[in-house]
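Naming convention: chains lettered A, B, ... in sequence-line order (proteins, then strands); numbering from 1 in each chain. Note that the structure is a prediction, hence the values are computed from the model and not measured.
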Number of protein chains: 2
Amino acid sequence: MRSNEPDATELALCAVFPTDLTMLLHAAAERMTDELDLAAVQMGLNDVRDWLVLAALDDGRPRTQLELSRVVCVDKTTLISVLDRLEKHELVVRSVDPADRRVRIPQITPTGRKVYAKFAIARDAAEAHALDGVDQADRALLLSLLARIADRQEATLSST
Amino acid sequence: MRSNEPDATELALCAVFPTDLTMLLHAAAERMTDELDLAAVQMGLNDVRDWLVLAALDDGRPRTQLELSRVVCVDKTTLISVLDRLEKHELVVRSVDPADRRVRIPQITPTGRKVYAKFAIARDAAEAHALDGVDQADRALLLSLLARIADRQEATLSST
DNA sequence: TTCGGATCGTCCGGGTCCAGACGATCCGAA
DNA sequence: TTCGGATCGTCTGGACCCGGACGATCCGAA
């Protein structure tokens, strides 16, 4: 029950760390994920990694599992369980590369493509909702700054 | 060794999902966290939760563990292990509220304050680095949009 | 005072994650 | 051809996370 202290404790971390970039990034990502996870489970996907992998596969470009794990930033061992689940639901198939029988090429199936398309609609709606009332220029700026932050670290990492 | 395929596979997920808000939020948060985790470990903290808790305690406002767990968005059971670790390193102490012996009031110690201050410098440097070259107005816009996204969902949640 | 329900911090069980080890396979050198 | 090192996907051990249950404590009603 929240009848005792309805809003006193509800001050989210934004109230405590109003200007901390990292905190805000986390909180915002969390909020979006929560909303999308809800949509994802409704159509049989498990969590953010499922549709993340599906999204990466949706462009049809062949990738090995290792490449895929790097692209979506999921540990290769964890990726196995994701692919196992998706394959069980017949959303992807793993085919062996005839040129190199060590590697598996996960591919999205027509069913998988359909599920992902349906999910993409929900995703776009959620993102549009989150940015409701923000004009186009500001949205573009937000996205570009985020992309800049996301990419920046590659330089600092490779300097080791 | 990255001598074989140095940059071919390095195209991060921004290249795959250039316009997806949620993805970018995740990636950006991840990058910042990676950088800050590095700084945190160097001064004896464990991961993002440690300095998150420390940051919340640094304002000196007394909070119960339950309140604290809500503020920093950490499960109350997980918070216990965080506090155990911080207390072992003498960065915080748990004192019993004399008015209600059920509750514990975690408080930051002078040592903890010192460690956090040191970390805060590294954090500010990392964030300044991430936004290097972005003018003040754009930074403010970024922060406000992130805060907006982070807070937005409370409304949609409480509507249930 | 006594007592039942509510709330605090903590503990336990099942599930998940990831570093490291492993077999299978490729490829270049001899 | 043969062989040693490198790389692929998979498996496994130990650590972590969190929902639910627990004892301790508070507080209002009788």
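- No hydrogens or angles considered: nothing links the side chains of A:Gln107 and A:Arg94 as a donor-acceptor pair under 3.5 Å.
- The nucleotide C:dG20 finds its pairing partner in D:dC11, both defining distances of the Watson-Crick or G-U wobble pair being shorter than 3.5 Å.
- A distance-only check finds a donor-acceptor pair linking the side chain of B:Glu127 to the backbone of A:Thr22 [under 3.5 Å].
- When the options B:Ile108, B:Thr109, B:Ile105 are evaluated for a side-chain contact (heavy atoms from CB on, under 4.5 Å) with B:Val93, the one that passes is B:Thr109.
- Between A:Arg102 and A:Asp97, none of the side-chain N atoms (NZ, or NE/NH1/NH2) sits under 4.0 Å from a carboxylate O, so this pair counts as no salt bridge.
- Look at CG on B:Asp100: it is 11 Å from C1' on C:dG9, rounded to the nearest Å.
- Within the 4.0 angstrom heavy-atom criterion, only backbone atoms of the sugar-phosphate kind lie near A:Leu66; the bases stay farther away.
- Nucleotide C:dG14 forms a Watson-Crick or G-U wobble pair with D:dC17, both donor-acceptor distances falling under 3.5 Å.
- The interatomic distance linking B:Glu67 (CD) with C:dT7 (P) rounds to 13 Å, in whole Å.
- Straight-line distance from the CG atom of B:Asp84 to the C1' atom of D:dC17: 15 Å, rounded to whole Å.
- Atom CD1 in B:Ile105 sits roughly 14 Å away from atom C1' in C:dT7 (whole-Å rounding).
- What separates CG of B:Asp97 from C1' of D:dA24 is a distance of 15 Å, to the nearest Å.
- Between B:Arg63 and the phosphate of C:dC8, there is no side-chain N or O to OP1/OP2 separation shorter than 4.0 Å.
- Within the shown strands, D:dT25 is the pairing partner of C:dA6 under the Watson-Crick or G-U definition, both distances less than 3.5 Å.
- Sequence order on DNA chain C of the closest nucleotides to A:Asp47 and B:Arg104 puts B:Arg104 first from the 5' end.
- Picking from D:dC26, D:dC17, D:dG20 the nucleotide with the shortest atom distance to the side chain of B:Thr78 gives D:dC17.
- With hydrogens and angles left out, the side chain of A:Arg101 and the base of C:dT25 share no donor-acceptor pair within 3.5 Å.
- For the OP1/OP2 pair of C:dG23 and a distance below 4.0 Å, the side-chain nitrogens and oxygens of A:Arg102 include no atom meeting the criterion.
- The side chain of B:Asp75 lies closest to D:dG19, out of D:dG19, C:dG20, D:dC17.
- Regarding B:Arg85, its CZ atom lies at a distance of 14 Å from the P atom of D:dA15, rounded to whole Å.
- Across all strands shown, C:dT1 is found opposite D:dA30 as a Watson-Crick or G-U wobble partner, with both distances under 3.5 Å.
- Side-chain atoms of B:Ile149 and A:Met32, non-hydrogen and from C-beta on, do get closer than 4.5 Å to each other.
- The pair A:Asp59-A:Arg63 meets the salt-bridge criterion, since a charged nitrogen lies less than 4.0 angstrom from a carboxylate oxygen.
- Nearest to the side chain of A:Thr77, among C:dC17, C:dT10, C:dA19, sits C:dA19.
- B:Leu83 has its CG atom 12 Å from the C1' atom of C:dT10, to the nearest Å.
- As a whole-Å value, the separation of A:Arg70 CZ from D:dT7 P is 10 Å.
- Place B:Gln65 and A:Lys76 on DNA chain C by their nearest nucleotides, and B:Gln65 ends up nearer the 5' end.
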